[in-house]
Amino acid sequence: MSPLDDDAWDAWSPDELGRRLREAGRPWYVAGGWALDVWHGRPTREHDDLEFVVLRDDADHFRTILHDLEFFAVRDGILEHLPPSAHLPGDVWQVWGADMQRGRWRVDMMREPGTPDRWIYKRDPTIQMARSAAVRVSETGIPYLAPINVMLFKAKYRRDKDERDFEIARQEFSAAEREQLIAWLDALHPGHDWIETLRIGGGRDAGSTGMR
């Protein structure tokens, strides 16, 4: 089976994904720019896709739940069809889910190396934290990656959308969140421009109170 065109995206919303995964029984969360908008409680920009993350060994479980989609492994920019009966290879960390009947990509499912209780940053396993701290849940029941964790991923590439996401998100960070993100950036991206911006402050504690 041939994949759809790369730009044939009409992604589900986080709410739609949450409805389909409400009985999953295993950890998952929305990531990327959508995670930030779930946190904000409002859309801040358009999103081309919908990234969600599952534990490495749970990917086939989620593929079974989303059985109305055809999944394609993403490796080195190449998309390869995965028949429903085929297990996801251990070296594949990302798959796209396609609604072939309508000719649209719906989800971008990623795997992460953590445990049910521990979140591990896949680019550097020395960065770890309790899953309960790394993954939050919205008022509507959508699990999403904590904003500073999202920005840690985005710091590497600094695309235009990443810079926009940072400018909006940093205004809502608490002092503790800024300090943690600074420490991560100092360790992994020394000299990153965001470090000085975060040190200047101007986050939630400067003009408002309360935690999300």
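When reading the values below, keep in mind they use all heavy atoms of this one structure, side chains included, and skip hydrogens, waters and symmetry mates.
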Inset, instruction - If the plane angle is over 60° it's perpendicular, under 30° parallel, otherwise tilted; pick one for Trp194 and Phe166. - result: parallel
Legend entry - With Asp162, the salt bridge (charged side-chain N to carboxylate O under 4.0 Å, His left out) member among Arg164, Arg158, Arg159: Arg159
Inset, instruction - Please say which of Leu36, Leu198, Leu185 ends up in a side chain to side chain contact (heavy atoms under 4.5 Å, CB included) with Met151. - result: Leu36
Legend entry - Polar side-chain atom of Arg22 near backbone of Arg19 as donor-acceptor pair, under 3.5 Å: yes
Legend entry - Ionic contact status for Asp58 with Arg111, cut-off 4.0 Å: no
Inset, instruction - Kindly compute the distance separating CD (Glu51) from CG (Asp48), expressed to the nearest 0.5 Å. - result: 10.0 Å
Legend entry - Ring-face cation of Arg20 near Trp12 (centre distance under 6.0 Å, axis angle within 45°): yes
Legend entry - Short N-O contact, Asp99 and Arg104, less than 4.0 angstrom: no
Legend entry - Atom pair CG (Leu181) and NE2 (His192), whose distance is rounded to the nearest 0.5 Å: 9.0 Å
Legend entry - Min side-chain heavy-atom separation Asp37-Arg42 under 4.5 Å: no
Inset, instruction - Look at the side-chain heavy atoms of Ile, Leu, Val, Met, Phe, Trp and Tyr, link any pair under 4.5 Å apart, and say whether Tyr144 and Met110 land in one connected group. - result: yes
Legend entry - Pairwise distance CE(Met100) to CE(Met1) - rounded to 0.5 angstrom: 5.5 Å
Legend entry - Nearest heavy atoms of Gly33 and Asp165, plus distance in Å: CA-OD2, 4.1 Å
Inset, instruction - Give, for atom OG of Ser132 and atom CZ of Arg118, the distance between the pair rounded to the nearest 0.5 Å. - result: 9.0 Å
Legend entry - Side chains of His81 and Glu70, donor plus acceptor under 3.5 Å: yes
Legend entry - Heavy-atom side-chain contact between Val137 and Ile142 under 4.5 Å: no
Inset, instruction - Answer whether the closest heavy-atom distance between the side chains of Leu79 and Trp105 falls below 4.5 Å. - result: yes
Inset, instruction - Decide yes or no for Leu152 and Ile127: does some side-chain heavy atom of the first lie under 4.5 Å from some side-chain heavy atom of the second? - result: yes
Legend entry - Distance-only side-chain donor-acceptor flag, Ser13 / Asp15, under 3.5 Å: no
Legend entry - Side-chain touch Arg45/Lys161, heavy atoms, less than 4.5 angstrom: yes
Inset, instruction - Is it possible for you to say whether Val38 and Phe173 belong to one hydrophobic cluster, with membership spreading through side-chain heavy-atom contacts below 4.5 Å? - result: yes
Inset, instruction - Verify the ring-centre separation between Phe52 and Trp34: is it less than 6.0 angstrom? - result: no
Inset, instruction - For the residue pair Asn149 and Met129, establish whether any side-chain heavy-atom pair is separated by less than 4.5 Å. - result: yes
Inset, instruction - Evaluate the side-chain proximity of Leu88 to Val95: yes if any heavy-atom separation is below 4.5 Å, no if none is. - result: yes
Legend entry - salt_bridge(Arg131, Glu112) N-O dist < 4.0 Å: yes
Legend entry - Nearest-0.5 Å distance that lies between atom CG in Asp124 and atom CD in Gln128: 9.5 Å
Inset, instruction - Kindly state whether the ring of Phe71 and the ring of Trp96 have centres lying under 6.0 angstrom apart. - result: no
Inset, instruction - Measure the shortest side-chain to side-chain distance between Arg106 and Leu17 over non-hydrogen atoms and say whether it is less than 4.5 angstrom. - result: no
Inset, instruction - Answer yes or no: are there more than 12 heavy-atom neighbours, outside Asp10 itself, under 6.0 Å from its atom CG? - result: yes
Inset, instruction - Decide, yes or no, whether a salt bridge links Asp186 with Arg199 under the criterion of side-chain N to carboxylate O below 4.0 Å. - result: yes
Legend entry - Atom CG of Asp91: over 12 foreign heavy atoms under 6.0 Å: yes
Inset, instruction - Indicate, with yes or no, if Trp184 and Ile120 share a hydrophobic cluster defined by side-chain heavy-atom contacts under 4.5 Å among Ile, Leu, Val, Met, Phe, Trp and Tyr. - result: no
Legend entry - Spatial distance of atom CG (Leu145) from atom CH2 (Trp39) [nearest 0.5 Å]: 12.0 Å
Legend entry - Basic-acidic side-chain contact under 4.0 Å: Arg136, Glu177: yes
